[in-house]
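Sequence lines set the chain letters: A, B, ... in the order given, protein chains first and strands last, and positions in each chain run from 1. Below, all heavy atoms of this structure are taken into account, side chains as well, without hydrogens, waters or symmetry copies.
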Protein chains: 2
Amino acid sequence: MYSNFISHIRKYVDLDDNSVALLFKYITPLKLKRKEFLLKEGQICQSIYFVEKGCLRMYFIDDKLNEQITQFALEHWWMADHFSFMDNKPSPYFIETIEKSEILAFTASSFEAMLRELPQMERYFRIVMQRAVAASQLRNKYTYEMSKEEFYQHFSTSFPEFVQRVPQYMIASYLGLTPQYVSELRKKKL
Amino acid sequence: MYSNFISHIRKYVDLDDNSVALLFKYITPLKLKRKEFLLKEGQICQSIYFVEKGCLRMYFIDDKLNEQITQFALEHWWMADHFSFMDNKPSPYFIETIEKSEILAFTASSFEAMLRELPQMERYFRIVMQRAVAASQLRNKYTYEMSKEEFYQHFSTSFPEFVQRVPQYMIASYLGLTPQYVSELRKKKL
DNA sequence: CTCATTTCTTAAACCAGCTTAATTTTTTTG
DNA sequence: CAAAAAAATTAAGCTGGTTTAAGAAATGAG
């Protein structure tokens, strides 16, 4: 049960079977169809979400009424608007399933209670968050050094699973490109 | 002693005076002049650095041999190349003082040992890292929704202390602008 | 207080990537 | 399986921000 979740935790900390049982008490499992929402603009991000199976996107509506995608999450990635989650502020984001998905949610209060009962999880999340910071340092570096064309080519060769599972216009949005430009780049490459 | 450091920790976790004394054993304090290096390209980022006083920048050399600044750190900010620090990989970055600075360093091994002796610090760093993720989500959103002109105006009104302390061409680099364009924007605003 | 270095400004030509608009292809749904 | 909706393509014209090249102003080290 929730094997992606447990194996992800055990990659970083020791967690005996007894602790796993305790941990499960704090989780809210969700089964969602395609195009269902975990968060909508104006709401507070009540939970932090682990993708056990499926795929999520986070986006906001920009001033031209486009859906601007800022993040994806595939299996064993975490998703949340952390500012909204931590400080109880209304979020500007939508979080939506791209595919039928199985999600594990910690509400803010269950998250706190779980960390108090299972201090190893404090370590797990410290490591996960530190790796997220590292990943965003790296992505940020790419935006400084690559042209948009290079950024697209780099992304699509580095993460071919996304190109398979996610519509092209969503990848364009995430990379800050117009769908027309991506189309032009693909033509060029053939 | 190290009052910025201690007050920052106590903002997020309880730490009694005895624990503070234990904590100090793991710290390496550094006094640096202007333009001294904590990290150079090709080296492994040996430590995670807390700015007790002064100012740091992180940059890499891009393909046109420009210094591309990716981060600043003022008082009570942390600075590190987290990928290099965590996975012992050579870093592409330089970390350099912009002003005379007082820095507190944890080497990777002292960091680990400290976390084992003082588990409250695991919580402190979980919170600090989670807030860093939140901050990078926000900054990232700005890059999607603002033009470069808006991004500059937003930065210089949100962080006037930087405009005071940091040369204009460094701010331009950090924001991904040419110094010429920033100069043009300033002229326009007067 | 002066020289060398660093930082900032001005201006013109240029281009990567966007906008607009129309058409085609693919996917979804009843 | 047919109609409607969603996604992808094509192409022409345009623009925000860069590049290049000087010169002017500010700063700091001796």
CG on B:L104 to NE2 on B:H8, rounded to 0.5 Å: 12.5 Å
Along DNA chain C, first and last positions that approach a heavy atom of chain B under 4.0 Å: C:dT7 to C:dA11
Residue whose nearest DNA chain D nucleotide is more 5′ - B:S147 or B:R34: B:S147
A:K33 atom NZ, neighbour heavy-atom count above 12 within 6.0 Å: no
Backbone N/O of A:S110 and side chain of A:T107: donor-acceptor pair under 3.5 Å: yes
Angle of first-five versus last-five pair axes in the helix from C:dC1-D:dG30 to C:dG30-D:dC1, to 10 degrees: 70°
Rounded distance (Å) that lies between atom C1' of D:dT20 and atom OH of B:Y181: 18 Å
Rounded distance (Å) that lies between atom P of D:dA7 and atom CD1 of A:I98: 11 Å
Any B:K64 side-chain N or O less than 4.0 Å from OP1/OP2 of D:dT18: no
Plane angle bin for B:F60 and A:Y144 - parallel if under 30°, tilted between 30 and 60°, otherwise perpendicular: perpendicular
Test ring pair (Phe, Tyr, Trp, His ring centres under 6.0 Å) applied to A:F50 and A:W78, A:F111, A:Y124, the passing residue: A:W78
For atom CG of B:L185 and atom P of D:dG17, their distance in whole Å: 8 Å
Interatomic distance where OH belongs to A:Y169 and C1' belongs to D:dT10 [whole Å]: 20 Å
Heavy-atom donor-acceptor pair, A:T70 side chain to B:K141 backbone, under 3.5 Å: no
Under the side chain to side chain donor-acceptor pair (under 3.5 Å) test, residues paired with B:S91 that sit two or more places apart: B:D81
Nearest-angstrom distance from the residue atom CD of B:Q180 to P of D:dA24: 17 Å
Gap between atoms CG and C1', on B:D62 and D:dT18 respectively (whole Å): 13 Å
Sugar-phosphate only, base, or nothing, as touched by A:K35 at under 4.0 Å among non-hydrogen atoms: nothing
Protein-nucleotide distance (B:Q153, atom CD; D:dG17, atom P), rounded to Å: 11 Å
Side chain of A:P167 (C-beta onward), nearest among D:dT18, D:dT9, D:dA7: D:dA7
Parallel, tilted or perpendicular, as decided by the 30° and 60° cut-offs, for the rings of B:F155 and B:F159: tilted
Nucleotide nearest A:R186 (side chain, heavy atoms from C-beta), chosen from D:dT10, D:dT9, D:dT19: D:dT9
Any donor-acceptor pair under 3.5 Å from A:Q46 side chain to A:F106 backbone: no
Sugar-phosphate, base or nothing in reach of A:E184, heavy atoms under 4.0 Å: nothing
Integer-rounded Å distance: D:dG16 C1' and B:L175 CG: 16 Å
